[in-house]
Amino acid sequence: MEPNRLMMRDCKINRILCILEQTYPEAHCELNFRNPFELLVATILSAQTTDQKVNKVTAVLFERCPTPKKMLEITPREFEEIIRPIGLFRTKAKNILQTCELLIEEHHGDVPSNLDDLVKMPGVGRKTAGVVLANAYGIPALPVDTHVLRVANRLGLSREKDPSKVEKELTALIPMELWIDTHHRLIFHGRRLCHARKPECPVCPLKDCCPVFTSAS
DNA sequence: ATCCCGAGGG
DNA sequence: CCCTCTGGAT
């Protein structure tokens, strides 16, 4: 128990951020988009799937419906068929089409650049809103998804299980100019090494800072 | 079988 | 906190 405390004191947040930067210097959003509207739609679609599958579907969708107005011109049924391969297609179709209506009625067809308005869109929670703010507008955000949550818990950066509480703790801990990159790096790390089931601790660059590894060995 | 870069609802 | 929505990959 003493060794753990010392270990954690040695490897504070700066060390973790530094290793993350060296390990995943190019971490970035892997969704394909050309403007805030496309990113908003792609991000709503990305729940419970991979970016690669979303990109396949949006390549077709954005070609046919590049604006909220165009998206409402095809039938909901046609819309569902286009996005069907990614799953959860009925819920997502309904949310996206309602979001398009809201964008037109209350935002002149533009995607709002603040969290409060974004979260009012159906199908848009903190995570989706954060991704849009960060990647479409360059506004500092550190949205917490399942990867970020899991990795932050394991590294001892937060003990909370509620994503919004974890977000608060992380943003308090990390300099604002690093929020966006850190979000992407934690996700890459969660996907590459820090898997939900079987984390690859022996080859993890963060193992010396991580309570999971140091307490297991 | 079980898991995906979630959100909304009970 | 738990459940459901969905299909596809593994």
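All heavy atoms count here, side chains included; hydrogens, waters and symmetry mates do not. Chain letters run A, B, ... following the sequence lines, proteins first, then strands; residues in each count from 1.
Taking atom C1' on both B/dC4 and C/dC5, the two are 14 Å apart, rounded to the nearest angstrom. Annotation: B/dT2 and C/dT4 have their P atoms spaced 15 Å apart (nearest Å). Between C/dT6 and B/dG9, the distance separating the two P atoms is 14 Å to the nearest Å.
We find that CG of A/Leu142 is positioned 17 Å from P of B/dC5, with the value rounded to whole Å. With rounding to whole Å, A/His195 atom NE2 is found 11 Å from B/dC5 atom P. The distance from atom CD1 of A/Ile44 to atom P of B/dA7 is 9 Å, rounded to the nearest whole Å. Atom CZ in A/Arg150 sits about 10 Å away from atom C1' in B/dC4, given to the nearest Å. Look at CD on A/Gln52: it is 16 Å from C1' on C/dG7, rounded to the nearest Å. With rounding to whole Å, A/Asp162 atom CG is found 13 Å from B/dA7 atom C1'. Regarding A/Leu31, its CG atom lies at a distance of 18 Å from the P atom of B/dC4, rounded to whole Å. If you measure from atom NZ of A/Lys53 to atom P of B/dC5, you get 9 Å, rounded to the nearest angstrom.
Of the candidates A/Arg84, A/Lys70, A/Arg64, A/Arg64 is the only one forming a salt bridge (Lys or Arg N to Asp or Glu O under 4.0 Å) with A/Glu78.
Here A/Ile16 contributes atom CD1 and A/Leu157 contributes atom CG; the two are 4.5 Å apart, rounded to the nearest 0.5 Å. The distance from atom CD1 of A/Ile82 to atom CZ of A/Arg77, rounded to the nearest 0.5 Å, is 12.0 Å. Within the model, atoms CE of A/Met121 and SG of A/Cys100 stand 10.0 Å from one another, a figure rounded to the nearest 0.5 Å. To the nearest 0.5 Å, atoms CG (A/Leu142) and CE (A/Met176) are separated by 12.0 Å.
Within the cation-pi definition used here (under 6.0 Å to the ring centroid, within 45° of the axis), A/Arg191 qualifies as a partner of A/Phe188.
Between A/Arg192 and A/Glu200 there is no salt bridge, since no side-chain N of the basic residue sits under 4.0 Å from a carboxylate O of the acidic one. Between A/Arg126 and A/Glu167 there is a salt bridge, since a side-chain N of the basic residue sits under 4.0 Å from a carboxylate O of the acidic one. Ion pairing between a basic and an acidic side chain is recognised when a charged N comes within 4.0 Å of a carboxylate O; A/Lys165 and A/Glu169 show no such pairing.
No side-chain donor from either of A/Tyr24 and A/His184 sits under 3.5 Å from a side-chain acceptor of the other.
The phosphate of B/dG6 (OP1 or OP2) has a side-chain N or O of A/Gln48 nearer than 4.0 angstrom.
The side chain of A/Thr146 approaches B/dG6 more closely than any other nucleotide in the set B/dC4, C/dC1, B/dG6.
Residues of residues 113-130 of chain A having a heavy atom closer than 4.0 Å to DNA chain B, listed by number: A/Met121, A/Pro122, A/Gly123, A/Val124, A/Gly125, A/Lys127, A/Thr128. Contact check of residues 169-177 of chain A against DNA chain C (heavy atom, cut-off under 4.0 Å) returns no residues at all. Within residues 77-100 of chain A, the residues having any heavy atom under 4.0 Å from DNA chain C are, by residue number, A/Arg84, A/Pro85, A/Gly87, A/Leu88, A/Phe89, A/Arg90, A/Thr91.
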Can you check side chain to side chain contact (heavy atoms under 4.5 Å, CB included) on A/Val148 and A/Asp145, steps first, answer last? CA-CA 5 Å; A/Val148 175; A/Asp145 55 44; 3.6 Å; yes
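Contact of the A/Leu45 side chain with the A/Leu31 side chain is not registered, since no non-hydrogen atoms from C-beta on lie closer than 4.5 Å.
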